[in-house]
Peer 1: 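One structure, pasted below without further comment.
First the proteins, then the strands, lettered A, B, ... as listed; each starts at 1.
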2 protein chains.
Amino acid sequence: MTEPTNPLRTQIVTRLLALGFSKEQIVETKAARSCYGYDATRQNIEPLLALLPENELQVKTILKLATEKGLKIFPRGAGSGMSGGSIPSHDGIIVSLTKMKRILEIDEENMIATVEPGVITGELQEVVSRLGLFYPPDPASLAFSTIGGNVTENAGGPRAVKYGVTGNFVMGLEAYLVNGEKIKCGNKCIKSVSGYDLTSLLVGSEGTLAIITKILLKLLPAPEAVKTSLLAFKSMTGAAHAVNAMLKHQINPSTIEFLDHHSINAVRSALPFTLPDETDTVLLVEIDGPKALVESQSLKLNELFKDEALLLIAARDENEREQLWLARRKLSPAIANIAPHKINEDIAVPLGAIPEVISRLESLSQEINLPIVCFGHAGDGNIHVNVMLDKNDPDQAERGQKAINKIFSITLELGGTLSGEHGIGNTKSAYFDKEWGPVTIATMQAIKKAFDPDNRLNPGKIFPT
Amino acid sequence: MTEPTNPLRTQIVTRLLALGFSKEQIVETKAARSCYGYDATRQNIEPLLALLPENELQVKTILKLATEKGLKIFPRGAGSGMSGGSIPSHDGIIVSLTKMKRILEIDEENMIATVEPGVITGELQEVVSRLGLFYPPDPASLAFSTIGGNVTENAGGPRAVKYGVTGNFVMGLEAYLVNGEKIKCGNKCIKSVSGYDLTSLLVGSEGTLAIITKILLKLLPAPEAVKTSLLAFKSMTGAAHAVNAMLKHQINPSTIEFLDHHSINAVRSALPFTLPDETDTVLLVEIDGPKALVESQSLKLNELFKDEALLLIAARDENEREQLWLARRKLSPAIANIAPHKINEDIAVPLGAIPEVISRLESLSQEINLPIVCFGHAGDGNIHVNVMLDKNDPDQAERGQKAINKIFSITLELGGTLSGEHGIGNTKSAYFDKEWGPVTIATMQAIKKAFDPDNRLNPGKIFPT
């Protein structure tokens with residue numbers, strides 16, 4: 001069936017072609033537009049139009065035109081977001097930054113990369129590693145997600161324990177305001193107190209304040225050595241105490257991932273080693289840095305937990321390391337066997353609250369009679385909570401929805417936050433006021449209004465509608 | 001001479017006494033008010049009134065009353081600021097947070113301190129160190145400056161090289177808006193992407209957006225060992241290359257201070273060791289962390305520079321460490337012998353630009369015929385530039401002023417920033433637009449307006465007036 005012509009779309013396309021956009025940069029057909037209206041939440045709304053600017057002047061042109069016509073703009077990277085942050089409206093224009101993917105500079109002396117937003121995170125990591133440098137943030141999506149998307153959602157990853165999240169590496173930005181004017185913030189200086197920190201304000205703002213066109217990223221020298229260990233514990237409390245003990249004993253792992261007993265059961269049979277039957281929680285610990293440090297800390301790890309842990313395996317080479325990681329990597333496909341669907345939240349809590357949150361989620365699971373599988377980043381309190389269900393069963397769907405509400409209540413009661421690394425987007429905006437009181441939300445909204453008075457830049461995200 | 005009665009002052013005092021403030025919390029006389037109108041820039045303007053709230057409700061009461069009367073409010077810590085950030089106007093009210101100095105909680109499990117803004121930085125460091133914990137930010141003023149002041153100016157210090165500045169340790173805040181309403185931002189979670197990062201926006205906002213009443217600070221385990229070394233080099237370029245080589249070779253010092261040849265000449269005779277005559281630049285390098293790491297990195301430091309450096313002394317104990325630090329500590333009093341006054345700026349540049357900026361300042365010094373003494377934080381690019389002069393000589397004063405303008409131009413040309421750790425305050429606001437273009441400044445001002453529509457909270461700071 002042919003889609004009826006939309007006069008507004010036709011008008012914009014004509015203008016953009018006249019302004020030098022090529023046909024390949026303008027996505028017009030319904031099917032093609034649909035490819036720019038999804039993300040990892042499986043929502044899918046085709047926009048009025050999707051545009052693929054190749055440089056910042058084209059971003060400016062789009063914003064000026066949208067301002068003239070009063071149109072909504074939805075910026076977008078690779079669409080790997082987990083909270084609907086890039087989902088457009090039917091009357092909005094998608095601005096995909098995927099064609100702006102140049103690594104503009106790698107300043108080896110100052111260890112800073114300057115990139116366009118469409119650069120793939122994993123590709124940047126590869127390029128800098130060839131120069132002996134290291135860009136630590138490692139969201140699970142790094143093989144396809146973009147730096148721009150990582151910045152606007154402040155993406156995390158396992159290495160956040162030691163290195164922090166994307167925002168900790170953003171030194172500066174260039175961005176276009178909704179009216180097409182350009183701001184610059186930050187610089188290549190390690191210290192700077194000159195006016196408000198607009199860089200940190202734009203990081204994690206989910207594309208609601210400006211379209212980022214250039215990003216300065218801090219790099220580190222590549223670590224000399226990495227050592228991976230797997231530790232099995234009888235209880236979550238035991239594992240949580242182990243995490244605390246590591247940090248207190250000057251062991252500073254780059255990664256401390258955990259798997260709960262549901263997760264373990266899901267992957268157990270696929271593992272190339274045998275986990276003791278009593279295993280309730282597994283920790284995957286990675287230590288990196290100078291060789292001498294990695295060795296001494298690995299020895300200390302062994303000393304500290306050789307009695308307490310049910311099992312402690314330290315990888316001796318890259319092959320063994322890969323085997324230990326198998327447990328974690330096989331997890332997402334493996335838990336799909338538990339139920340056809342999952343509702344997946346990425347709450348974060350203070351480190352000390354992990355055992356309590358896991359135990360309360362256990363009770364909740366019994367209460368709603370649905371499995372709740374937890375795994376994630378034990379070293380930074382960021383837990384991926386998966387309520388396993390069949391969404392086609394209305395009763396299960398209702399119980400699942402109830403569970404989410406309860407999960408957020410438990411999280412906030414324990415001093416936690418709705419999202420550790422995925423953002424609020426449109427999937428968690430209904431819960432946003434549970435976390436922040438009305439004055440704080442009004443203050444955030446006043447900032448939004450200062451940047452975007454007509455609410456045309458990525459509307460419907462973060463704030464309850 | 002008795003000061004004439006001010007009816008507005010009398011009226012406010014009467015109201016506050018009726019609202020439960022004690023006489024000790026209200027500073028009325030001209031002489032006493034003057035004690036709340038200075039800072040380290042030696043400006044001194046006595047305010048209409050100075051108030052010393054003891055709790056957050058009193059802060060709220062003051063803000064509500066000021067809103068009712070349309071009065072300006074100037075928040076203030078210990079008055080150790082170097083850029084005039086806390087200087088009031090004659091018709092404004094000082095809110096000194098020095099009586100709000102409780103350490104509310106030290107959460108050892110999560111390694112987070114919750115404090116009121118008036119806590120002295122050095123006292124917090126002592127209290128947490130007794131628990132085996134570590135609060136790294138170490139501004140030179142730490143014996144008397146407050147955490148609140150450190151947060152609003154985003155204070156740095158020598159240890160910023162490895163640990164970052166104050167802002168890197170602020171996990172959350174509670175603050176009162178100018179209208180007396182309270183916002184909360186951040187939490188005890190290591191990762192959080194839930195709405196705009198108001199915490200980072202308030203850090204370094206120099207008291208222009210809100211009055212901070214509660215601060216959550218990240219703590220670290222205290223380092224096991226510290227090793228201090230002094231290295232002498234023939235040239236600034238040689239020293240700068242050494243800094244770069246350290247970082248590239250996985251040596252991650254907590255401190256890399258430098259002294260230029262003027263600084264060295266000023267302190268040379270007072271040192272308990274002999275510096276070679278050809279010494280142009282001295283580096284003071286401190287490595288901390290787990291013992292094994294400190295030892296291996298100190299060995300590496302020695303290997304790398306034993307030939308290149310004119311002198312390399314490694315302290316073997318606390319006493320020798322103190323002797324090495326003498327050079328740095330004697331500096332401020334010693335350079336006072338060069339000329340009766342100094343104009344002191346704290347520019348920061350990208351690491352790689354240090355030799356160039358020092359060489360250009362050398363030329364500038366010859367051009368204006370005034371000594372320019374540079375020292376500071378070689379590891380993070382933050383340089384304390386001191387133009388030495390006699391301000392009572394109008395010709396020197398004029399040349400000094402010209403020099404400041406030139407120093408900022410050189411800094412910005414090399415990708416630097418007006419302030420690494422002191423802030424803009426009222427002393428650098430005239431230069432603010434040299435660093436940021438009109439759109440970026442307008443964006444910051446729109447944020448200011450969103451928080452403080454009538455410009456009553458610390459007006460006259462940061463932005464050019």
Peer 1: Going by side-chain hydrogen bond (donor to acceptor under 3.5 Å, both in side chains), name the residues that satisfy it together with A/N150, two or more places apart in sequence or in a different chain.
Peer 2: A/T121, A/S145

Peer 1: Side-chain donor-acceptor pair under 3.5 Å between A/T208 and B/Y196, yes or no?
Peer 2: yes

Peer 1: Among B/E109, B/K449, B/M444, single out the residue with the greatest number of heavy-atom pairs under 4.5 Å to chain A.
Peer 2: B/M444

Peer 1: With a 4.5 angstrom heavy-atom cut-off, could you sort out which part of A/M171 is near chain B: side chain, backbone, both or neither?
Peer 2: neither

Peer 1: List in chain and number order the residues that pass side-chain hydrogen bond (donor to acceptor under 3.5 Å, both in side chains) with A/Q250, two or more places apart in sequence or in another chain; answer none if no residue qualifies.
Peer 2: none

Peer 1: With chain B, which of A/G132, A/G423, A/S419, A/G415 has the greatest number of heavy-atom pairs at distances under 4.5 Å?
Peer 2: A/S419

Peer 1: If you tally heavy-atom pairs under 4.5 Å against chain A, which of B/A175, B/G381, B/P290 wins?
Peer 2: B/P290

Peer 1: Examine distances only and state if a side-chain atom of A/T440 and a backbone atom of B/K184 form a donor-acceptor pair shorter than 3.5 Å.
Peer 2: yes

Peer 1: Counting only non-hydrogen atoms closer than 4.5 Å, does B/P223 touch chain A with its backbone (N, CA, C, O), its side chain (CB onward), both, or neither?
Peer 2: backbone

Peer 1: Kindly write out the residues that satisfy side-chain hydrogen bond (donor to acceptor under 3.5 Å, both in side chains) with B/K191, not counting sequence neighbours, or none if the list is empty.
Peer 2: A/D380, A/N382, A/E421

Peer 1: Could you tell me which non-hydrogen atom of B/N187 sits nearest to which non-hydrogen atom of A/E435, and how far apart they are?
Peer 2: ND2-OE2, 4.0 Å

Peer 1: Quick one: which of B/A446, B/P221, B/G420 has the most heavy-atom pairs under 4.5 Å with chain A, could you say?
Peer 2: B/G420

Peer 1: I'd like to know which of B/K428, B/H377, B/E295, B/K461 tops the heavy-atom pair count under 4.5 Å against chain A.
Peer 2: B/H377

Peer 1: Which bit of B/S296 comes within less than 4.5 Å of chain A, counting heavy atoms only: side chain, backbone, both or neither?
Peer 2: side chain

Peer 1: Applying a criterion of heavy atom separation less than 4.5 Å, what residues of residues 159-169 of chain B form contacts with chain A?
Peer 2: B/A160, B/V165

Peer 1: Select one option (side chain, backbone, both, neither) describing which atoms of B/I424 are under 4.5 Å from chain A's heavy atoms.
Peer 2: both

Peer 1: Quick one: which of A/C185, A/A353, A/G195 has the most heavy-atom pairs under 4.5 Å with chain B, could you say?
Peer 2: A/G195

Peer 1: Counting only heavy atoms closer than 4.5 Å, note whether A/L247 contacts chain B via side chain, backbone, both or neither.
Peer 2: both

Peer 1: Output the option from B/L293, B/D197, B/L177 having the highest count of non-hydrogen pairs under 4.5 Å with chain A.
Peer 2: B/L293

Peer 1: Counting only non-hydrogen atoms closer than 4.5 Å, does B/I112 touch chain A with its backbone (N, CA, C, O), its side chain (CB onward), both, or neither?
Peer 2: neither

Peer 1: With chain A, which of B/G416, B/A292, B/S205, B/G437 has the greatest number of heavy-atom pairs at distances under 4.5 Å?
Peer 2: B/S205

Peer 1: Ignoring hydrogens and angles, tell me if any N or O in the side chain of A/N110 forms a donor-acceptor pair with the backbone of B/G352 under 3.5 Å.
Peer 2: yes

Peer 1: Mind ranking A/S194, A/A348, A/G289 by heavy-atom pairs under 4.5 Å with chain B and telling me who comes out on top?
Peer 2: A/S194

